[in-house]
Peer 1: 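Next up is a structure, given as structure tokens.
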Amino acid sequence: MSGRIQAPRGTFDVLPAQASERAEVEAVARRVLERAGYGRIETPTFEATELFSRGVGESTDVVQKEMYSFHDGGFTLRPEGTAPVCRAYVEHGMHKLPQPVRLWYLSTFFRHEAPQAGRFRQFWQVGAEALGSDDPAIDAESILLLAELLEEIGARGLRLRLASLGTPETRLSYRAELAAYLRSHEEQLSPEVRARIALNPLRAFDSDDPGTQAVMANAPLLIDRLTASDAEHFQEVRDLLDDCDLVYDVDPTLVRGLDYYSRTVFEFTSSELGAQSGVGGGGRYDGLVEMIGGPPTPGCGWAAGVERILLASDHPAVAPPPVDLFVAYSDTKYRRPAFSIAAEARRARLAAQVELAGRSLKGQLKQADRIGARFVAIVSEDGTLLKDMESGEQTLVQGSVVAMVLRGRGGAGL
RNA sequence: GUGGGCGUAGCUCAGCUGGUAGAGCUCCGGAUUGUGGUUCCGGCGGUCGCGGGUUCGAGCCCCGUCGCUCACCCCA
């Protein structure tokens, strides 16, 4: 096995057996998003590294330790989709289009992390971004669309958590307040939390250490520090979601790992998943476009992991495409006419296959049965027989095999 | 980067206190001098992840190493 080359760690092959369910995710995403006015966008697989260091945030784990960057040229395999979409928005002058501009994508992303259940180094995300409006209806609609998408695919055990982060200034001062609070109770905190006070004090809310939990029960909450306009914005988002009967929990401790979020943030989790329970999430990022060199432009969107959606869903067996005709032959000397018949059938828009593995006639019939062929043409010295695989009837072909199949396909027999 | 679990045929796995590899599924062929499901029979397929060590002898014991996997961290 030493000389065998394997797929790189954290990557996977999508085999035919899994291709159909993934195609289904794409089909549902297209349906749900395009009927809401979203247009598809695809951006390059790699971008200038600076797009992510500036957009996603220099201090985030994603930028600090998870980027696949090339040794020269200053490029990085995209670790997420929002910054590239914003880059494209600016680059193509989309601010001159009617706003908001709504875009969706389904692409691969790359992060150098330790692989785990539902976490890969190359993974697929479906995402939606709406740029150019700070209307809370954008936030609410965006969330509803992700809910719709997950529901239509059949993801189970879903829960929606919702919060507001306010403005970057609010967050900054809150962060300082929280850090000060943590330091004043330092002796009760777990060592891990204590070590992360300066780095990421918000994480203290997620700790399962009893001492830390006791401290956090009385900790100040960001949601109580929102400005009046941010609080009002958040309330409007909630009202709109309530009107649509979407169930959610307001979770003041909801943390997003990317720096660009402001105001609304949300995350769908699934109980069907392991430790990586997040199926998809997102929020508003009103400062991002400006941060990467564009005009001040509000934005809101989300991304959901395709692999996680599939893990959280039942995978209904997708029926293989029907096969109209399988062409068999009794002896290799009839291979050429058999080959021609199959080719002609495909030109006539039939799903047709010819024996390609040198099987015995019995083996060929078995193969035809296996792939669910409706008809089998058997070429032999007696001419060509057309066998109806449902009834078992065989007819000697006069003239064109393809014409007979086309005639017989609609009805029960020939 | 740290810790737990696991690495035996393409897949799922068995292999008792160490005696030099098995099953089921899949695939191919035969039973039906050319025709599909089921059943029966046969065949293809493995340097037991890799490298050392102990032993007369290692899939099994010891050490190392690589890989997979789950979890921490973080995130989709």
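Quick note on labels: first sequence line is chain A, next is B, and so on, each numbered from 1.
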Peer 1: According to the Watson-Crick and G-U wobble definitions, with both distances under 3.5 Å, which nucleotide is paired to B:G3?
Peer 2: B:C70
Peer 1: Rounded to the nearest angstrom, tell me the gap between atom NZ in A:Lys387 and atom P in B:G37.
Peer 2: 11 Å
Peer 1: Do A:Asp230 and A:Arg263 sit within salt-bridge range, that is, some charged N less than 4.0 Å from a carboxylate O?
Peer 2: yes
Peer 1: B:C74 C1' sits how many Å from A:Asp61 CG, rounded?
Peer 2: 5 Å
Peer 1: Quick one: A:Phe110 CZ to B:A76 P, roughly how many Å, whole number?
Peer 2: 16 Å
Peer 1: Give a yes or no answer on whether the side chain of A:Gln364 reaches the backbone of A:Arg359 with a donor-acceptor pair at less than 3.5 Å.
Peer 2: yes
Peer 1: Less than 4.0 angstrom between a side-chain N/O of A:Ser360 and OP1 or OP2 of B:G30, yes or no?
Peer 2: yes
Peer 1: Output the distance between atom CD (A:Glu148) and atom CZ (A:Arg35), rounded to the nearest 0.5 Å.
Peer 2: 4.5 Å
Peer 1: Roughly how far apart, to the nearest Å, are B:C25 and B:G45 at atom C1'?
Peer 2: 14 Å
Peer 1: Would you measure the distance from the C1' atom in B:G59 across to the matching atom in B:C13 and give it in whole Å?
Peer 2: 14 Å
Peer 1: Which value, in whole Å, describes the distance between the C1' atoms of nucleotides B:G67 and B:C61?
Peer 2: 22 Å
Peer 1: Please report, to 0.1 Å, the donor-acceptor pairs under 3.5 Å made by any side chain of residues 130-137 of chain A, with sequence neighbours excluded.
Peer 2:
{"unit_1": "A:Ser133", "atom_1": "OG", "unit_2": "A:Asp135", "atom_2": "N", "d": "3.1"}
{"unit_1": "A:Asp135", "atom_1": "OD1", "unit_2": "A:Ala137", "atom_2": "N", "d": "2.7"}

Peer 1: Tell which nucleotide pairs with B:C25, taking only Watson-Crick or G-U wobble pairs whose two distances are both under 3.5 angstrom.
Peer 2: B:G10
Peer 1: Name all residues meeting the salt bridge (charged side-chain N to carboxylate O under 4.0 Å, His left out) criterion together with A:Glu307; count only those two or more places apart in sequence or in a different chain, and write none if there are none.
Peer 2: A:Arg22
Peer 1: Hey, could you give me each pair passing salt bridge (charged side-chain N to carboxylate O under 4.0 Å, His left out) that has a residue in residues 213-226 of chain A? Not counting sequence neighbours.
Peer 2: A:Glu177-A:Arg225
Peer 1: I need the CG-C1' distance between A:Leu361 and B:G29, as an integer number of Å.
Peer 2: 14 Å
Peer 1: Can you find an N or O donor on one side and an acceptor on the other, under 3.5 Å apart, linking the side chain of A:Gln394 with the base of B:U35?
Peer 2: yes
Peer 1: Step by step, would you call A:Ser277 with A:Thr269 a side-chain hydrogen bond (donor to acceptor under 3.5 Å, both in side chains)?
Peer 2: CA-CA 5 Å; A:Ser277 61; A:Thr269 56; 5.1 Å; no
Peer 1: Ring pair (Phe, Tyr, Trp, His ring centres under 6.0 Å), that's the test. Do A:Tyr285 and A:Tyr260 meet it? Break it down for me.
Peer 2: CA-CA 5 Å; A:Tyr285 44 86; A:Tyr260 51 63; 5.8 Å; yes
Peer 1: Taking side chain to side chain contact (heavy atoms under 4.5 Å, CB included) as the definition, give me every residue that meets it alongside A:Ser173, ordered by chain and number, with sequence neighbours left out.
Peer 2: none
Peer 1: Produce the list of close N/O pairs, under 3.5 Å, pairing protein atoms with atoms of nucleotides 64-69 of chain B; give distances to one decimal.
Peer 2:
{"unit_1": "B:C68", "atom_1": "OP2", "unit_2": "A:Arg9", "atom_2": "NH1", "d": "2.6"}

Peer 1: Now, which nucleotide makes the Watson-Crick or G-U wobble pair with B:U33, with each of the two distances under 3.5 Å?
Peer 2: none
Peer 1: Check the distance between B:A76's C1' and A:Glu272's CD and give it to me in whole angstrom.
Peer 2: 17 Å
Peer 1: I'd like a table of atom pairs between the protein and nucleotides 24-27 of chain B - only N or O on both sides, under 3.5 Å - with the distance next to each one.
Peer 2:
{"unit_1": "B:C27", "atom_1": "OP1", "unit_2": "A:Arg370", "atom_2": "NH1", "d": "2.5"}

Peer 1: 5'-most contact on RNA chain B: A:Ala114 or A:Phe123, nearest heavy atom basis?
Peer 2: A:Ala114
Peer 1: Do A:Gln276 and B:C74 share a donor-acceptor pair, side chain to base, under 3.5 Å?
Peer 2: yes
Peer 1: Decide yes or no on ring pair (Phe, Tyr, Trp, His ring centres under 6.0 Å) for A:Phe375 and A:Phe326, but give the supporting numbers first.
Peer 2: CA-CA 6 Å; A:Phe375 294 99; A:Phe326 184 88; over 10 Å; no
Peer 1: Rounded to whole Å, how long is the line connecting atom NZ of A:Lys362 with atom C1' of B:G34?
Peer 2: 11 Å
Peer 1: Whole-Å distance between B:A76 C1' and A:Leu310 CG?
Peer 2: 12 Å
Peer 1: In whole Å, what separates the C1' atom of B:C72 from that of B:G64?
Peer 2: 26 Å
Peer 1: Any base atoms under 4.0 Å from A:Gln367, or only sugar-phosphate, or nothing? Heavy atoms, all strands.
Peer 2: nothing
Peer 1: Over how many whole Å does the gap from A:Glu113 atom CD to B:C73 atom P extend?
Peer 2: 13 Å
